[in-house]
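Data block below; observations after.
Chain A is the first sequence line, chain B the second, and so forth, proteins listed ahead of strands; every chain is numbered from 1. Just the heavy atoms: all of them, side chains too, but no hydrogens, waters or symmetry mates, feed the values below.
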Amino acid sequence: MEEIKTSNIVDNILKKYENPKKSDLSKALLDAQNEFGYLNEDILKKISAYIGVSATEAYGFASFYSMYNLEKPGKYIFKICKGTACHIKGAKRLINEIEQYLGIKEGETTPDGLIKLETSSCLGVCALSPVLIINDKTYVRVNSKIVKSLIDEIRAENFNG
Amino acid sequence: MSNELIVCVIDGVEIFCEEGWTILDAANSVGIYIPTLCYFKDITTIGSCRVCSVEIVGDKLLHTACSTPVRNGMNVLTNSERVTNARKLIIEMILSRHFGDCLVCDASGECLLEKYSYDFGVSGNLFVKNEFKENIHGIDDKNPLIIHDRGKCILCGICVKVCAEWTHRDALSFVNKGSKIMVSTLYNQGLEKNKECIYCGNCITSCPVGALGEKNAVGRGRAPEVQKVRTICPYCGVGCGIVVYQKANKIVKVRGDLKSNVSGGRLCIKGKFGLDFVNSKERLTKPLIRDENGNFKEVEFIDAILAVKHKIEEIQRKKGGFAGLSSARCTNEDNYVFQKFFRTIIKSDNIDHCARICHSPTVSGLTQTLGSAAMTNPIEDIERVDCFFIIGSNMTSSHPVLSWKIISRVKQGAILILVDPRKSPLSKYATLHLQLNPGSDVSLLNAMCKIIYEERMYDFDMLENRTENYKDFFKSLEEADLDKLAADSGIDESDIRLAARLYAISGASSIYYAMGITQHSFGTSNVISLTNLAIMCGKVGFGPMGVNPLRGQNNVQGACDMGALPGVLPGYKNIENPADRKFFEDLWQTTLPEKKGKTLIEIMNAILDGEINFLYIMGENPVISDPNSNKTLSALEKVDFLVVQDIFLTETAALADIVIPATSFAEVDGTFTNTERRVQKVNKVIEPISKGLVDDWGIINKIAELFGIDWGYKGWKDIFNEIKRAVGVYSHIDPDLLESKQYFWPGDEYGQSVKRLHQNKFSRGKAILSYQEPNIPYKITPEYPYLLIIGRLYEHYHTGTMTRKSSGIESLKPYTQVYINPKDSMKLKLKNDDWVKITSANGEIKARVLISLEVKPSNLFISFHYKEAIANKLTDSSNLDALSKMAPLKVTPVNLEAL
Ligand code: SF4
Ligand code: SF4
Ligand code: SF4
Ligand code: FES
Ligand code: FES
């Protein structure tokens, strides 16, 4: 059902481009993004087929410009500091373990769109390293156990709600 | 185009250039070397790496040789200090983001970056921490065949272009930007999730560094330790050139042969990844003979062939009957010796091979109408065709490399008329796709001819001067009922009219066809109707236009040329014609049978009737490939003595009394003749995998020696030299020059190869037009409400004996599926991968379903590669084509039930 709705909306967007040219790709992608918030595979494939470029090429194009969102934006953005102090305190291992726990790599979003895992350079609170920021909230002196329980909490909340 | 003379000077050498040349072309033409990284032949120029920079005297900027056209009077320096410094800098820059380690890289020794670093004395960051390289770029290796190590990628972009322009797939693209830029797939999902990759491996062949590689070749040998041998792909009739890497008598990997005149480096999955079978543990190494209890036991080679000899003598004493099946997989030499053995020693003409069930109607049809049963044009002519008429050919699966050339041409603007009941992958490129009712080809073709006649779009000169009887043909067309023809074909008259006009009016139109035309009990009619169309429009016998049957197997053309057909002596001489017979009796110093022998299916019937008691099969697997498998099985079980010569214990060999192991194509020297009549040299890549294995012809030769006959064959060349005398159309070929010269058959009076047949004059003199009454169409009945179409998949080949030994390929397509239209699957409440039972009047099989729009409602499609679901259990072998004895393999009425 959801897919058919999406597809209809995209159809509507594409109506604007009657005789599509290659140069319409960027505008059409942007229109779709404004509608959906991001561009998923189905949307991208549909638009690229209509414009007449290959989907992989369109993906390459969109990934070049930062204005396109190719992933469902995560509801919770995890930023783990990778600065020198945090590094010394085992940030790397922490990242690895969280990657494993979430089943994604850094820079990626969980398939349910709940959590996006990012890293950052020094956040300026080296004394309290390692440091993790979730959305706007800062957690200091974290370890993998703490982070895992935070994740569990978020999951439980969103699952029930 | 201006005819201005372009002369330029490169490093002091004066060069006369052709219009459109780049500086690189000019330099190459006189052997001046310019390094390149992102340049690759046969793709659009990329021009991004700048390694090929050269100095044009008087110009401040350096220019890229690969993309700068030459101008008259240009003075170019390829080696000045400026150039060298610039190149050094470029290599340094590339190396700074190259996270590879030559010490453990499989490409070492062949990698261009490594070479240029050495040439320009630039050293790199050899040891890169793994974490760095993985975090930044990553390795894509989750698919079974290809490993893409992005750390080594130099972003030349060749693979992206090759994938799009050679293979016409869209698996790869540059993604991201800045330091994160990389070559990747849609949403970085990797090649395996992305249905676009068809594992042709052409991206690997073209990658100048070690970023792309064969997964199972990792760590198995680098350039200095391997031996590279050029030879020919053993799969389909296209005959692509391959370069095989071998180490310690094992095949490590295969690359496309960039120098091949057929394929120019392109390969499909079979040639690229399908050679694992050669070193397979399942290869037969010792002859097998049945013991008292009927179990196989291993014996020595000499005992096996002695047993064969004694059996032959015994059956001769009893006046029993003999038959032999030769093989389109084997070399010309093997086929020649096999038929010679049967005709001169056993004195039997009951010799046939699988061409019977693929292109025998082509032989009977084209010989009648044009006088020669082969592709009229070389593959290279594809580049000059304006309108392709492709009928009954699923070429993206069966002849992939040839199909890609056609698609390239279509992308340049040529018209493609596709006639196929299925929405095959090629339909995506079709200008017009006619989804006719299965088996209604004659109706459709007649309708086209009638329209062309009515609209006077025929070629009067051709009809008047180069045909015999066009007036009769026109009379039949006049009487034909267009409405009925169109209705029977299931296609709107307006679409047929459009097809007729496109074909008749386009400049150079050319027909390509395959098994969809021939594998019917009216196959010969189909072929004749096709030639009617071509002849009446003057679209054959002139330039790139013609009628082109695509031969299925690597050497099926050769096996026919060698006379592995009943009644057909080498070079298509007729055994029932006294003069032809005399020629061979003189050549071979013996007497020959006077009557034409039996064809494949007649042989099976004769066994069941007790007329044939001895069957010798060389390299074929009729249990799976032949119609009505149940009947074939009972014939092979019944025959008194069955000898099978093969590389594996196939389903057929398992029934034999004696199995003799043979060598594979990789272990022999000899020749194959591809679909375009090109004779190519097959080179020995490795020594036989086990001591005592003998070439196919060698085994037969040894048996002949036991009969006291010495043909004096010491190697393939002795046989080839005899073939030159026996087969007129091969007489111009010099076996020593096969690798340096291009040879097609026939040769002209000056000993030059004739690439295009029928130019100015048809082989039979004047061509014949012959109106064919439409056959009775395939009918569905309440009992059998579906029409099952049997064909091939891209990944597998024929009976699967070889491709299914490749673990990588097998894991891509491990089981067979029957394609069904969503309308029908809904009716039967089927989901993808549900099991179904398919029944015909001849047998039943089980398979899983794939719901697909490729087939029309009430049509089904299945491949015949899988022994688990032998599609040929369903096919019929009783209703044969009168002239060619072809069985109706392509279409069978069946029922389908959910299980
Ligand atoms: S294997 Fe072939 S289809 Fe796959 S990415 Fe490489 S070139 Fe493209
Ligand atoms: S993978 Fe190879 S061919 Fe492709 S861009 Fe990288 S270096 Fe070039
Ligand atoms: S197209 Fe045919 S000859 Fe070429 S690689 Fe594939 S199977 Fe071999
Ligand atoms: S290094 Fe992590 S906060 Fe400074
Ligand atoms: S080879 Fe000329 S720019 Fe790369």
**Message:** How about NZ on Lys41(B), more than 12 heavy atoms from neighbouring residues, nucleotides or ligands closer than 6.0 Å, or not?
**Reply:** yes
**Prompt:** Side chain, backbone, both or neither: which part of Ala171(B) has a non-hydrogen atom closer than 4.5 Å to chain A?
**Reply:** backbone
**Message:** I'd like to know if the side chain of Thr56(A) reaches the main chain of Leu186(B), judged simply by a donor and an acceptor atom lying under 3.5 Å from each other, with no hydrogens or angles considered.
**Reply:** no
**Message:** With a sphere of 6.0 Å drawn around CD of Gln412(B), does it hold more than 12 non-hydrogen atoms of other residues, nucleotides or ligands?
**Reply:** yes
**Request:** Can you tell which part of Leu39(A) gets under 4.5 Å to a heavy atom of chain B, answering side chain, backbone, both or neither?
**Result:** both
**Item:** NZ (Lys411(B)) with more than 12 external heavy atoms under 6.0 Å
**Value:** yes
**Request:** Work out which heavy atom in Ser173(B) is nearest to a heavy atom in Gly60(A); give both atom names and the distance.
**Result:** OG-CA, 3.6 Å
**Message:** For Lys79(A), I'd like to know if atom NZ has over 12 heavy atoms of other residues, nucleotides or ligands within 6.0 Å.
**Reply:** no
**Pairs touching residues 178-214 of chain B that satisfy ring pair (Phe, Tyr, Trp, His ring centres under 6.0 Å), sequence neighbours left out** = Tyr59(A)-Tyr187(B)
**Request:** Evaluate the side-chain proximity of Ser66(A) to Lys177(B): yes if any heavy-atom separation is below 4.5 Å, no if none is.
**Result:** yes
**Message:** Check this for me: Lys22(A), atom NZ, are more than 12 non-hydrogen atoms of other residues, nucleotides or ligands nearer than 6.0 Å?
**Reply:** no
**Prompt:** With chain A, which of Asn188(B), Asn176(B), Thr185(B), Val183(B) has the greatest number of heavy-atom pairs at distances under 4.5 Å?
**Reply:** Asn176(B)
**Request:** Working to the nearest 0.5 Å, report the span between OG of Ser54(A) and NE2 of His168(B).
**Result:** 13.5 Å
